Each structure stands twice: as structure tokens, then as C-alpha cells.
Amino acid sequence: DVLHARRNAEARWELLSRFGALTAAQVAEAAGSRSKNTSALAGRWLRDCDVFAVTYHGSRYFPAFQFDEMGRPLAVIANVLTHLADLGPWQQGIWFITRSRLLDDARPVDLLRVEPERVVATAKAGATPLD
């Protein structure tokens with residue numbers, strides 16, 4: 001329905017605008033990659049399920065919250081993604097930014113660095129947003 005489509009579009013916009021989104025080249029730069037192929041590093045991490053990416057207006061973006069201050073994927077992301085494998089990339093992204101009752105109404109994205117084990121447990125429990 002129209003309301004669902006509008007909420008979905010708003011959640012997608014929030015994911016990219018509020019939490020930041022990097023191109024493959026920006027991921028490589030942040031990680032200090034010296035490869036001439038600026039897509040190689042992000043592509044490898046994507047193939048290895050260390051990170052996820054969403055496609056927006058024909059371009060691939062990597063939500064910035066997945067990376068540490070050195071530009072490397074947070075280990076918790078790969079752990080969570082193993083439990084969210086049946087979701088599409090946008091659904092995965094929205095899962096990270098949606099409050100969960102299992103996290104005392106916090107968003108997984110807010111706990112990635114401080115309580116990663118709780119985020120993984122929530123994903124393992126199959127908790128969808130608002131569960």
C-alpha cells in the first residue's frame with residue numbers, strides 16, 4: 001500500500017543520509033588501499049559477507065556504520081549478516097537502524113561498538129524490527 005511504500009522510502013533515505021554511505025572507492029580510500037582497482041577491496045568484503053551494500057539510483061553504497069575508524073569492517077557486521085542472510089540488502093540496512101524491543105528499544109546500529117554481542121543475539125533470535 002501507499003503508506004508502506006512511503007515508510008520504506010523514508011527508511012531508505014534515513015539509512016543513506018543519516019548514517020552515511022560510501023562508494024567502493026571511498027571504502028578503499030578510508031581503508032588505505034593502494035590498489036588501482038578502487039572497487040576491489042569493497043567487492044571482496046561484500047563477496048565474503050563482511051559488509052553489505054545497497055543500490056540507490058543505479059549506484060552501490062556501503063552504509064558507513066559498518067566500518068571502524070581505520071576503514072575496516074566491524075567484525076559484528078559479518079556475524080549479524082549470517083543471521084540476516086534471508087533478507088535483501090535494503091531490509092538488512094533497515095534492520096540495523098530500526099528500534100528493537102529485544103534491545104530495550106535501542107537500534108542495533110547504536111550498539112554495534114558497545115554491545116555487539118547483544119546485536120548478534122538479536123539477529124540470531126530472528127528478531128525483525130519492532131520485535
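Keep in mind that what you see is a predicted model, and the values were worked out from it rather than measured.
- Between R118 and D104 there is a salt bridge, since a side-chain N of the basic residue sits under 4.0 Å from a carboxylate O of the acidic one.
- To the nearest 0.5 angstrom, L74 atom CG is 8.0 Å from E69 atom CD.
- Taking R34 as the reference, nothing meets the salt bridge (charged side-chain N to carboxylate O under 4.0 Å, His left out) condition, with sequence neighbours excluded.
- Residues R107 and I97 share a closest heavy-atom pair of CD-O, 3.1 Å.
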Run the side chain to side chain contact (heavy atoms under 4.5 Å, CB included) test on W95 and T122 for me, step by step, so that the C-alpha distance in whole Å, both residues' side-chain angles and the decisive distance to 0.1 Å come before the verdict. CA-CA 10 Å; W95 183 90; T122 300; 4.0 Å; yes
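- When every heavy atom of R99 is checked against every heavy atom of D105, the shortest pair comes out as NH1-O, 3.0 Å.
- Not counting sequence neighbours, F67 has no partner by the ring-ring contact (aromatic ring centres under 6.0 Å, His included) test.
- Smallest separation of non-hydrogen atoms from A28 and T38: CB-O, 3.5 Å.
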If you look only at distance, which donor and acceptor atoms sit under 3.5 Å apart when one is on a side chain in residues 50-61 and the other is two or more places apart or in another chain?
none

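- Put simply, the side chain of P73 reaches to within 4.5 Å of the side chain of W45, judged on heavy atoms.
- Side-chain atoms of L112 and I77, non-hydrogen and from C-beta on, do get closer than 4.5 Å to each other.
- Taking 4.5 Å as the limit, some side-chain heavy atom of F62 sits within range of a side-chain heavy atom of L46.
- For CD of E14, the number of neighbouring non-hydrogen atoms (other residues, nucleotides, ligands) closer than 6.0 Å is greater than 12.
- When side chains are defined from C-beta on, E115 counts as touching E117, because their heavy atoms get closer than 4.5 Å.
- In this structure, R113 places its CZ atom where more than 12 heavy-atom neighbours from other residues, nucleotides or ligands lie under 6.0 Å away.
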Could you walk me through whether F96 and L15 pass the side chain to side chain contact (heavy atoms under 4.5 Å, CB included) test, one step at a time? CA-CA 9 Å; F96 279 102; L15 175 65; 5.8 Å; no
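- Side-chain contact between L3 and R7 is present, with at least one heavy-atom pair separated by less than 4.5 Å.
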